[in-house]
Structure formats: structure tokens, C-alpha cells
Asks: 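Before I ask anything, here is the structure I am working with.
The figures here come from the full heavy-atom set of this structure, side chains too, leaving out hydrogens, waters and symmetry mates. Every chain is numbered from 1, with letters handed out A, B, ... down the list of sequences.
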Amino acid sequence: MPELPEVETVVRGLRLTVLGRRILSVTLRKTDFIDDPSLIELHLPGRRIEAVERYGKFMLLRLSAPQGEENSAIGDNAPAALLVHLGMTGHIASTAVTEPWQKHTHASFALDDGRELRYTDARRFGRLAYLSAELLPAELAPFGADPLEVTADEFATRIRSRHSRIKALLLDQTVLRGVGNIYADESLWRAKIHPAKAGASISKKQAAVLHRALQDVLKKAIVMRGSSIANFVDGEGQPGEYQQHHRAYGREGEKCYRCGTMIRRAIVAGRSSFFCPKCQRGPRGFLAISSTPEKSKRQSAIPNRKKTAKSSGKKTKRAAGNKLRKKRLKKP
DNA sequence: CTTACGGCCTGGGTGC
DNA sequence: TGCACCCAGGCCGTAA
């Protein structure tokens with residue numbers, strides 16, 4: 001599941017392989033994860049990829065002005081961009097044209113070096129969107145600070161002004177852009193803060209420790225080319241190695257590296273959260289609740305519910321979801 | 001206004 | 001071998 005370090009790894013790979021290339025043509029297969037497929041087909045052919053940037057978990061492929069208008073483009077105008085989000089299972093890489101399309105390859109951009117930039121995403125939780133220079137700022141506006149650039153003071157302010165649980169705040173892309181489940185848990189373990197602790201209850205000192213822990217974790221993960229959970233590979237098909245350094249995430253039932261206590265898993269902010277119950281002191285009453293295994297909770301609470309929920313038509317659901325997504329995009 | 005939570009999308013992996 | 005179920009991240013609608 002690509003978070004900031006994984007996306008950064010992919011971005012660095014793309015800079016080496018597709019930067020400066022001109023897009024010759026576009027081929028789309030399934031398009032239900034693309035904002036408006038016709039815009040991509042209309043605007044991308046002929047454009048050059050002038051920059052590859054990361055914005056939180058998004059990638060931005062900045063595009064040259066349309067051919068014939070290149071000289072009229074004035075420097076202070078932000079260029080249009082292809083926005084790419086990898087969701088959970090997305091891959092994007094420069095590929096030889098002779099390489100057969102993978103089962104879940106849904107977009108391919110022919111480049112002027114004879115290769116193709118291909119987007120592959122089994123679950124299509126990702127997103128592609130063509131964004132004009134005019135629409136781009138509004139699209140990026142809701143997102144919070146970059147975790148690697150945010151100062152300790154600003155970080156503390158953002159966290160301590162909120163009553164939500166710290167885990168929810170770290171995952172909230174309008175607070176910080178780019179942190180996901182893995183690096184939230186890893187930084188909280190390092191800072192010895194329980195995921196269910198309220199942001200407002202975190203001291204300035206603790207906030208400073210967490211800020212440092214988060215940046216350390218992210219920087220080290222980038223050096224190791226990310227964490228390869230669920231088959232993440234970079235543009236060259238190479239897995240990351242940071243998963244070997246996880247101290248909390250995915251370690252339920254294993255010993256805490258600091259104190260030897262068994263790492264626990266609990267649902268916090270709707271997500272699996274891994275923590276050391278001894279090093280990371282929880283709010284009063286939290287441990288008693290979380291000590292009930294999640295499985296038995298669900299089984300006793302909602303038996304046989306899946307059947308009825310699944311009986312409705314898939315196509316209509318997908319279409320409805322897409323309409324909502326497009327609606328959201330049009331809002332200023 | 002804030003926050004919490006259930007549900008939904010998809011398909012690989014798991015376990016019966 | 002088949003099949004039901006779980007789970008992941010992001011986001012929506014609803015409720016308090």
C-alpha cells in the first residue's frame with residue numbers, strides 16, 4: 001500500500017525513465033477509476049512530461065503546453081498535470097512495448113523513446129485525472145502539510161488543536177499529506193504514544209518527539225525504497241526493504257523491540273493499529289475494550305450479514321460511486 | 001461547528 | 001477443486 005515513501009520511490013524512478021519524454025498516444029482499458037477519461041485522451045497526446053512531483057500520496061506529471069502554443073506559454077503559468085494516485089495496488093512504470101499487457105493494466109501512454117508508460121491496478125482504488133492549470137490549485141488546496149517539510153511548531157499546532165485520536169489525525173490527509181497506516185503506527189511506536197490518544201492531550205514535548213519520529217521513519221523508509229507489503233514494487237519492479245525495519249506494523253503477537261511485551265492490534269480510527277501496550281500508554285479504559293479480539297466481536301455482533309449486502313448489482317454501485325467522485329471534484 | 005462510525009468499491013489470500 | 005469471507009485506503013452519508 002503505497003504511502004509517502006513508496007510514492008517518493010516511484011517518483012524518483014519515473015524521473016529517470018519518463019522525464020522529458022513526449023506522449024504520443026493514449027490507450028485506455030477500464031476507465032472507472034479515471035475522473036474524465038476523455039480529457040486524458042484529448043489533452044495528453046503531444047504533451048511532454050516536464051516534471052514529476054510528489055504531493056502527499058499523489059504523483060503529478062507536469063505537462064508541457066500543447067504543441068504550437070509552447071512559445072506563447074508564459075513562465076508564471078503553472079502547467080497542466082496528470083494526477084496519479086496508486087490507491088492500494090497501483091503500479092506505474094515505463095515498459096517496453098514488447099512486454100505484454102498485464103491482466104490489470106488499464107492505461108498506457110506511448111512515449112517518444114519507443115516505450116510505454118503503463119498504469120496497472122488490480123483493485124482500481126487508485127485514480128488518474130487530467131487537471132488543467134486552472135483546476136490544479138483547487139484540487140491540491142484541501143491537503144495538509146508535507147510531513148517532511150512541516151516544522152515542529154506547526155506540527156504541534158495541527159495535532160494539539162484537535163480532539164480526534166492521534167492515529168486519525170496522522171491519517172487525515174488534510175492535516176498531513178502522505179502518511180498512511182504503516183508510518184502512522186511506526187512513528188507512534190517510536191514516540192511511545194498510543195494511537196487512541198486524543199491530539200489535544202498530547203504535550204508539546206510529546207508532539208516534538210512524534211514530529212521527529214515521523215520524519216526519521218519516513219526518511220529511512222525512503223532510503224530503503226519503501227515498505228513492500230502487498231507486493232509493492234517500484235518502477236523497476238524492485239521491492240522495498242523497509243518492512244524489515246517495522247517495529248509495530250504487522251507485528252501482532254510478536255515481542256516489542258524495546259520491552260518484550262507482545263505487540264497488540266486494535267481498531268483505531270477504523271484501521272488496524274499495532275502498538276505496544278506497555279510502551280504506548282492508552283487512554284483510560286482503552287485496553288479493556290481493545291483486548292477483545294476483533295474477530296469474535298464481529299462474529300457475535302453481525303452474523304451472516306455479508307450475504308444480504310452483496311446481493312445488489314455491482315455495476316450500478318460502481319457507477320453511483322463514480323458519480324459521487326465527479327461531483328466532489330467539481331466543487332470549488 | 002466538530003468527531004465517530006458504517007458502508008462501499010475490488011480482488012488476492014486464506015481457510016474450510 | 002471451489003467458494004465464502006476478510007481485508008486494505010479513501011471517501012461519503014449520517015448521527016450525535
Asks: Any idea which of B:dC5, B:dG11, B:dT3 is nearest the A:R123 side chain?
Replies: B:dG11
Asks: Does A:R251 count as lying over the ring of A:F274, i.e. NZ or CZ under 6.0 Å from the six-ring centre, within 45 degrees of the axis?
Replies: no
Asks: Keeping the roles fixed (side chain from A:R22, backbone from A:G46), state whether a donor-acceptor pair exists under 3.5 Å.
Replies: yes
Asks: Below the 4.0 Å mark, does C:dG10 have OP1 or OP2 next to a side-chain nitrogen or oxygen of A:K57?
Replies: yes
Asks: May I have the distance from A:D172 (atom CG) to C:dG10 (atom C1'), rounded to whole angstrom?
Replies: 11 Å
Asks: In whole angstrom, what separates A:R158's CZ from B:dT2's P?
Replies: 14 Å
Asks: Suppose we call a contact any N or O donor and acceptor under 3.5 Å apart; does that hold for the side chain of A:R271 and the base of C:dG10?
Replies: yes
Asks: Can you find a side chain N or O atom of A:S164 that sits less than 4.0 Å from OP1 or OP2 on B:dA4?
Replies: yes
Asks: Applying the 5.5 Å / 30° rule, does A:F125 stack onto the base of C:dA8?
Replies: no
Asks: Go through the structure and list residues passing salt bridge (charged side-chain N to carboxylate O under 4.0 Å, His left out) with A:E154, not counting sequence neighbours.
Replies: A:R158
Asks: So which nucleotide from B:dT3, C:dC7, B:dA4 ends up closest to the side chain of A:R265?
Replies: C:dC7
Asks: So, is A:S272 near the phosphate of C:dA8, with a side-chain N or O under 4.0 Å from OP1 or OP2?
Replies: yes
Asks: Using atom CZ of A:F274 as one end and atom P of C:dC7 as the other, report the distance to the nearest whole Å.
Replies: 11 Å
Asks: Rounded off to whole Å, could you give me the CD1-to-C1' distance for the A:I267 and B:dG6 pair?
Replies: 13 Å
Asks: Can you check the A:F143 CZ to C:dC11 C1' distance for me, whole Å?
Replies: 11 Å
Asks: Quick check on the hydrophobic clustering: are A:L171 and A:L188 connected, directly or via other members, by side-chain heavy-atom contacts under 4.5 Å?
Replies: no
Asks: Of all the choices, B:dT3, B:dT10, C:dG10, which nucleotide is nearest to the side chain of A:H163 once you look at every atom?
Replies: B:dT3
Asks: Considering every strand and a 4.0 Å limit on heavy-atom distances, what is the contact class for A:N181: base, sugar-phosphate, or nothing?
Replies: sugar-phosphate
Asks: Return the set of residues passing ring pair (Phe, Tyr, Trp, His ring centres under 6.0 Å) with A:Y55 (not counting sequence neighbours), or none when no residue passes.
Replies: none
Asks: Check the distance between B:dT10's P and A:H104's NE2 and give it to me in whole angstrom.
Replies: 12 Å
Asks: Find the distance A:M88:CE to C:dC6:C1' and express it as a whole number of Å.
Replies: 12 Å
Asks: In whole Å, I'd like the distance from the NZ atom of A:K167 to the P atom of C:dA8.
Replies: 10 Å
Asks: Tell me whether the OP1 or OP2 atom of B:dG11 has a side-chain N or O from A:R124 closer than 4.0 Å.
Replies: yes
